[in-house]
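Worksheet: one structure, shown below.
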Amino acid sequence: MSREKEVTRLSHQIYTHEEGLELQCGQMLAPLDIAYQTYGTLSPDRDNAILICHALTGDQYVADPHPITNKPGWWARMVGPGLPIDTNRFFVICSNVLGGCMGSTGSLSICRETGQPWDNDFPAITMHDITAAQAKLIDHFNIKRLFAVIGGSMGGMQVLSWAANYPERVFAAMPIATAPYQSAQNIAFNEVSRQAIFADPEWHGGKYRVHNTLPARGLGVARMMAHITYLSEEALTRKFGRRMRQNSVPAKENDLPLLFDGMFEVESYLRHQGSSFVKRFDANSYLTISRAMDYFDLAADHNADLAEIFRWSSTRFCVISFSSDWLFSTMQSRQLVRALNRAGANVSFVEIETDRGHDAFLLEEPDFDRTMRGFLRGAAAHAGLKETYHAG
Ligand SMILES: CC(=O)SCCNC(=O)CCNC(=O)[C@H](O)C(C)(C)COP(=O)(O)OP(=O)(O)OC[C@H]1O[C@@H](n2cnc3c(N)ncnc32)[C@H](O)[C@@H]1OP(=O)(O)O
Ligand SMILES: N[C@@H](CCO)C(=O)O
């Protein structure tokens with residue numbers, strides 16, 4: 001069964017905003033669907049909500065098993081009762097981004113005007129649009145101010161957009177492994193990924209669903225390349241070194257050509273990452289969202305110096321980077337922290353020592369978990385939140 005048919009079989013929890021959303025490009029998207037998951041109990045004062053923003057290929061299943069892969073949620077070790085983002089205390093909301101392929105309005109949705117799926121005609125969106133769509137969901141919950149907005153990588157871009165666009169609605173913000181703008185290097189990597197998709201003969205100019213095909217190879221290669229950027233040389237060396245694969249490779253992962261005999265373990269690993277990715281992601285959605293990342297430039301969007309944007313902000317920031325992250329480096333986080341300090345904002349900064357690269361924010365890192373727990377506990381005390389709102 002094709003990935004799209006699998007997706008349409010899934011029943012996500014969706015809020016439909018009939019009035020829709022006017023995008024930065026001027027186009028109106030109506031109705032607007034936002035697929036989301038929640039965890040914990042909203043306090044009577046509606047003051048304990050945390051919005052978690054996912055990264056490029058994440059989704060709303062932050063702590064629930066993923067409905068396609070059946071794997072635990074992508075932050076299941078971080079979000080739950082007694083965990084650093086403690087659902088006994090906080091009401092956690094995570095939504096699939098606008099343009100995503102897990103139930104929110106995106107390339108797989110039907111365009112009201114044409115009655116056809118958007119496919120590659122889905123309009124260009126920005127981080128501003130993504131957070132504006134999330135704000136509709138937060139309004140739906142009648143939450144005036146979020147206790148915290150938290151996210152890593154592209155999720156961190158959304159955190160910064162929230163803090164910049166809705167400062168009065170964000171008590172605390174945690175931008176993790178991110179940057180105030182997408183670097184030239186990251187745009188370059190995204191472009192290679194996109195070209196891999198375009199080069200697939202099954203791409204059909206983005207109308208692959210009409211042709212009943214999938215640009216699986218192109219999307220798989222895009223993921224293989226991108227995945228290298230999520231790791232580090234040390235992590236790859238430790239995991240695989242120069243070892244060759246001893247046993248035979250399962251057929252499904254072997255449909256890319258082999259060079260001579262045998263395969264390095266690292267090649268096998270990347271093939272696996274590529275082939276598992278295409279089962280859970282839509283190529284047009286990947287193009288839309290990766291482009292939204294590329295457009296992200298907070299200062300340019302606000303036509304202001306970064307410090308100016310946060311000048312009157314009362315949000316408490318905790319900026320986190322990972323020492324071996326070369327995709328969103330510590331240097332970029334420091335740039336943000338310097339601007340926040342110039343703005344007189346309340347900001348703390350932690351660089352987590354790890355050799356696991358960018359995706360370290362998804363992995364067990366005790367120092368990271370302690371920082372998350374400590375920052376939220378301190379901020380909750382300042383916000384006057386109760387220790388628990390557990391429903392029972
Ligand atoms: C932030 C968000 O919003 S969500 C993010 C979206 N989700 C993701 O990115 C998940 C995909 N990414 C990953 O799995 C990333 O590698 C990580 C960093 C998150 C996980 O890291 P780790 O737990 O260290 O797992 P690792 O990178 O070793 O990958 C394990 C997988 O590779 C497979 N694998 C490991 N070695 C090999 C090999 N030599 N050959 C083939 N496959 C291999 C494992 O079988 C496992 O497969 P599975 O995921 O299908 O069970
Ligand atoms: N590996 C994560 C983080 C990338 O920034 C993802 O695919 O979304």
Side-chain angles (χ1 to χ4, degrees), residues 37 51-66 68-79 94-97 100-102 130 150-159 175-179 182-183 186 189-190 193 219-220 222-232 234-236 238-254 256 262-281 285-286 289-290 292-294 296 322 324-329 354-365 368:
Q37 294 292 109
L51 176 69
I52 296 184
C53 305
H54 68 73
L56 174 62
T57 76
D59 49 50
Q60 66 272 36
Y61 296 98
V62 59
D64 290 319
H66 194 277
I68 295 175
T69 65
N70 294 318
K71 285 176 178 293
W74 57 268
W75 244 4
R77 52 157 255 282
M78 188 68 94
V79 179
C94 185
S95 61
N96 185 214
V97 291
C101 52
M102 287 295 277
I130 286 173
I150 301 174
S153 194
M154 189 187 87
M157 292 177 170
Q158 294 158 62
V159 174
I176 302 162
T178 194
Q182 176 83 322
S183 69
N186 289 6
F189 283 128
N190 277 348
S193 282
L219 184 60
R223 181 61 167 184
M224 288 168 76
M225 196 280 302
H227 194 74
I228 301 168
T229 71
Y230 303 151
L231 305 176
S232 67
E234 293 83 348
L236 282 175
R238 189 178 55 247
K239 274 174 188 283
F240 309 111
R242 296 184 42 77
R243 285 192 309 282
M244 300 292 289
R245 191 141 180 99
Q246 298 301 318
N247 52 339
S248 61
V249 178
K252 67 180 170 58
E253 285 161 37
N254 206 12
L256 292 173
M263 186 187 278
F264 286 98
E265 285 290 358
V266 68
E267 294 177 299
S268 160
Y269 170 74
L270 285 180
R271 283 166 185 243
H272 178 73
Q273 292 294 337
S275 66
S276 38
F277 180 61
V278 300
K279 293 185 191 114
R280 69 174 181 90
F281 221 85
S285 179
Y286 190 85
I289 306 174
S290 69
M293 280 185 90
D294 291 351
F296 184 66
F322 295 86
S324 53
D325 183 350
W326 53 279
L327 194 65
F328 289 91
S329 66
T354 173
D355 70 358
R356 298 203 279 187
H358 178 64
D359 265 356
F361 78 96
L362 296 169
L363 298 169
E364 187 88 43
E365 288 287 347
F368 176 39

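In listed order, ligands and their atoms are each counted from 1. This is a predicted model, so every value here is computed, not measured.
- Counting only non-hydrogen atoms, the option in Y269, Y61, F240 that gets closest to atom 27 (O) of ligand 1 is Y269.
- Contact annotation: for A55 versus ligand 2, heavy atoms closer than 4.0 Å belong to both the backbone and the side chain.
- Atoms of ligand 1 lying under 4.0 Å from any heavy atom of F361, numbered from 1 in the order shown and given with element: 1 (C).
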Between T229 and H358, is the side chain to side chain donor-acceptor pair (under 3.5 Å) condition met? List the steps.
CA-CA 7 Å; T229 71; H358 178 64; over 6 Å; no

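- Rounding to the nearest 0.5 Å gives a distance of 13.5 Å between CZ of F240 and CZ of F264.
- The closest approach between H227 and ligand 2 stays at or above 4.0 Å for every heavy atom of the residue.
- To the nearest 0.5 Å, atoms OG (S232) and NZ (K239) are separated by 9.5 Å.
- Panel note: side chain Q273, backbone Y269; no donor-acceptor pair is recorded below 3.5 Å.
- Of all the heavy atoms of H358, the ones lying under 4.0 Å from any atom of ligand 2 belong exclusively to the side chain.
- Comparing G156, S268, S153 against atom 40 (N) of ligand 1, the shortest heavy-atom distance belongs to S268.
- To the nearest 0.5 Å, atoms CD1 (I228) and CG (L327) are separated by 12.0 Å.
- Each of the following atoms of ligand 1 lies closer than 4.0 Å to a heavy atom of A55: 1 (C), 2 (C), 3 (O).
- To the nearest 0.5 Å, atom CZ of residue R223 and atom OH of residue Y230 are 5.0 Å apart.
- The closest heavy-atom contact to atom 20 (C) of ligand 1, among the options L363, D359, T57, T69, comes from L363.
- Considering only non-hydrogen protein atoms, atom 5 (O) of ligand 2 sits nearest to S153 OG, 2.6 Å.
- Within the 4.0 Å heavy-atom criterion, the part of D359 lying near ligand 2 is the side chain and not the backbone.
- Between W75 and F368, the ring planes are tilted. Angles from 30° to 60° get that label.
- Between the side chain of N96 and the backbone N or O of M102, at least one donor-acceptor pair lies under 3.5 Å.
- Note that OG of S153 and CG of L362 are 8.5 Å apart. Values are rounded to the nearest 0.5 Å.
- Comparing L362, D59, V62 by heavy-atom distance to atom 5 (C) of ligand 1, the nearest is L362.
- At a heavy-atom distance under 4.0 Å, atoms from both the backbone and the side chain of H54 approach ligand 1.
- Taking a 4.0 Å cut-off on heavy atoms, K71 registers as neighbouring ligand 1.
- Under a 4.0 angstrom heavy-atom cut-off, R280 registers as being in contact with ligand 1.
- Using cut-offs of 30° and 60° on the angle between ring planes, the pair Y286 and F281 is perpendicular.
- Between A55 and G152, the shortest heavy-atom contact is CB-O, 3.7 Å.
- How far OG1 of T69 is from CZ of R280: 7.5 Å, rounded to the nearest 0.5 Å.
- The single protein non-hydrogen atom nearest to atom 8 (O) of ligand 2 is T57 N, 3.0 Å, given as residue, atom name and distance.
- Comparing heavy-atom distances from atom 39 (N) of ligand 1 across E265, K279, Q273, Q60 singles out E265 as nearest.
- Heavy atoms of R223 approach ligand 2 to within less than 4.0 angstrom.
- Ligand 1 is approached by R245 to a heavy-atom distance shorter than 4.0 Å.
- Residue contacts with ligand 1, taken as heavy atom pairs separated by less than 4.0 Å, do not involve M263 at all.
- Under 4.0 angstrom from ligand 1, there are no non-hydrogen atoms of R356.
- Looking at heavy atoms from C-beta onward, V97 lies in side-chain contact with H54 at the 4.5 angstrom threshold.
- Contact between W75 and ligand 1 is absent, with no heavy atom of the residue lying under 4.0 Å from the ligand.
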